[in-house]
Amino acid sequence: MSQILPPLQERLQGKEPYGAPQIDVPVRLNTNESPFALSDALVADIATAVAAAARGANRYPDRDATLLREHLAGYLAETTGVTLPVSSLWAANGSNEVLQQLLMAFAGPGRTVLGFEPSYSMHRTLVEATGATYEAIDRGPDFGISLDDALAAIERVEPSVIFLCTPNNPTGGSLDPETVLAIHDATDALIVLDEAYVEFSHTPSLLPLIESRPRLVVSRTMSKAFGLAGARVGYLAADRRVIEAVLLTRLPYHLSSITQAVALAALEHRASLLAGVEAVKVQRDRIVATLRDRGVNVADSDANFVLFRTPGSDGHEVWQRLLDRGVLIRDVGLGGHLRVTAGTEQETTRFLDALEEVMGDTLGGTGQ
Ligand code: PMP
């Protein structure tokens, strides 16, 4: 027998796996997590809930995660005023899995998915893994979406799915409802509003738009505002027929009873968890204001991160020199730009001080 592996599928050959660096440094501001550890009260409730789930772990979990979906519906009703039945909610291991399940149902070989870049890099990766073609439209210098470009692209590629990330990662801006509706009305595609960062936004969630628009769906996560990235919980709000389609692609029992228990406990504590959002927004606004004061070009941000320009450098050198000072931020591969997550007040100060040193050294000033 040959020791050589069979050939990798053509569409995976030469690809790199997703790999934001996980480096153990004092200030980690590179993956848009919450900087706050869970409270002792929540940790205790999680421990109790996990113990109960562990006792029943000889059985498979509720494969439809019904209780969790009920509680997610409660959270959405409370924060957006939109009351959805459980049949319009879905939950999975992070919103990455939600997106993957949606794409397995609605993308795939012979189909095209439209995105507006720069955006979250996993959109393309997940699309291509299903065998579909990913068509990226350039957002242009202000990182907004030009409706004319979007409508022309829809006509040209006839997408099956369109990704609209709002607030957009890594650029931070939000879409207005008029643009979303104009795109919706110009296509038969499924439109995925990726609202991973919506709790940090100045503008309200676009969730109300999904009512009576079955092709418009909203993907959310507990990884960011809820500070629960380690638990891997994402969710989807959509017409029940979309959820039924997703059920065809999910693995049986995909969401463990332990994960469901942790998510339910965290939802009980949502008031205190979401209080951290306000503190993060203060640091985000501080980063924007401080960098602008120093003459750095900064994109407006509705999220928990900020994209800024590193004039006179491709950005990577600045990234490395910040890392040398114990501050890890993100090189998102956009020449001349870096993205920093808003942290605690202390972490943000460490970042701002380190950047001042580095940009002063590298550029002999921070002008444009
Ligand atoms: N969407 C966007 C825009 C993101 O930035 C991320 C994570 N960085 C995700 C989805 C996936 O997050 P998770 O799987 O943790 O929910």
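Both counts, for ligands and for their atoms, begin at 1 and track the order of listing. Given the structure is predicted, the values throughout are model-derived calculations rather than measurements.
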Does the cation-pi check pass for Arg220 over Tyr235, that is, NZ or CZ under 6.0 Å from the six-membered ring centre and within 45° of its axis?
-> no
Polar proximity ligand 1 side, [X] side, N/O cut 3.5 Å exclusive:
X	result
Lys224	yes
Tyr18	no
Ser95	yes
Asn32	no

Just wondering, do [Y] and [X] contact through their side chains at under 4.5 Å, heavy atoms?
X	Y	value
Leu291	Leu352	yes
Leu99	Phe163	yes
Arg339	Leu334	no

Run down the list Thr221, Asp194, Asn169 and name the one with the heavy atom closest to atom 1 (N) of ligand 1.
->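 Minimum heavy-atom distance to atom 1 (N) of ligand 1 goes to Asp194.
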Which residue from Phe305, Tyr197, Tyr235 reaches closest to atom 5 (O) of ligand 1 through any of its heavy atoms?
->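 Shortest heavy-atom distance from atom 5 (O) of ligand 1: Tyr197.
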Within ligand 1, which atoms have a heavy atom of [X] less than 4.0 Å away?
X	value
Cys165	3 (C)
Ser223	13 (P), 15 (O), 16 (O)
Arg232	13 (P), 14 (O), 15 (O)

Out of Leu338, Thr31, Leu29, which residue meets the side-chain contact (heavy atoms from CB on, under 4.5 Å) rule with Arg330?
->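 That would be Thr31.
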Measure the distance from atom 6 (C) of ligand 1 to every protein heavy atom, then report the residue, atom name and distance (to 0.1 Å) of the closest one.
->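 For atom 6 (C) of ligand 1, the nearest protein heavy atom is Tyr120 CZ, 3.4 Å.
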Check: Arg69 side chain, Ser88 main-chain N or O, donor-acceptor pair, under 3.5 Å =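 Not confirmed, Arg69 side chain does not pair with Ser88 backbone.
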Ring centres under 6.0 angstrom apart (Phe200, Phe305) |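 No, ring centres 6.0 Å or more apart.
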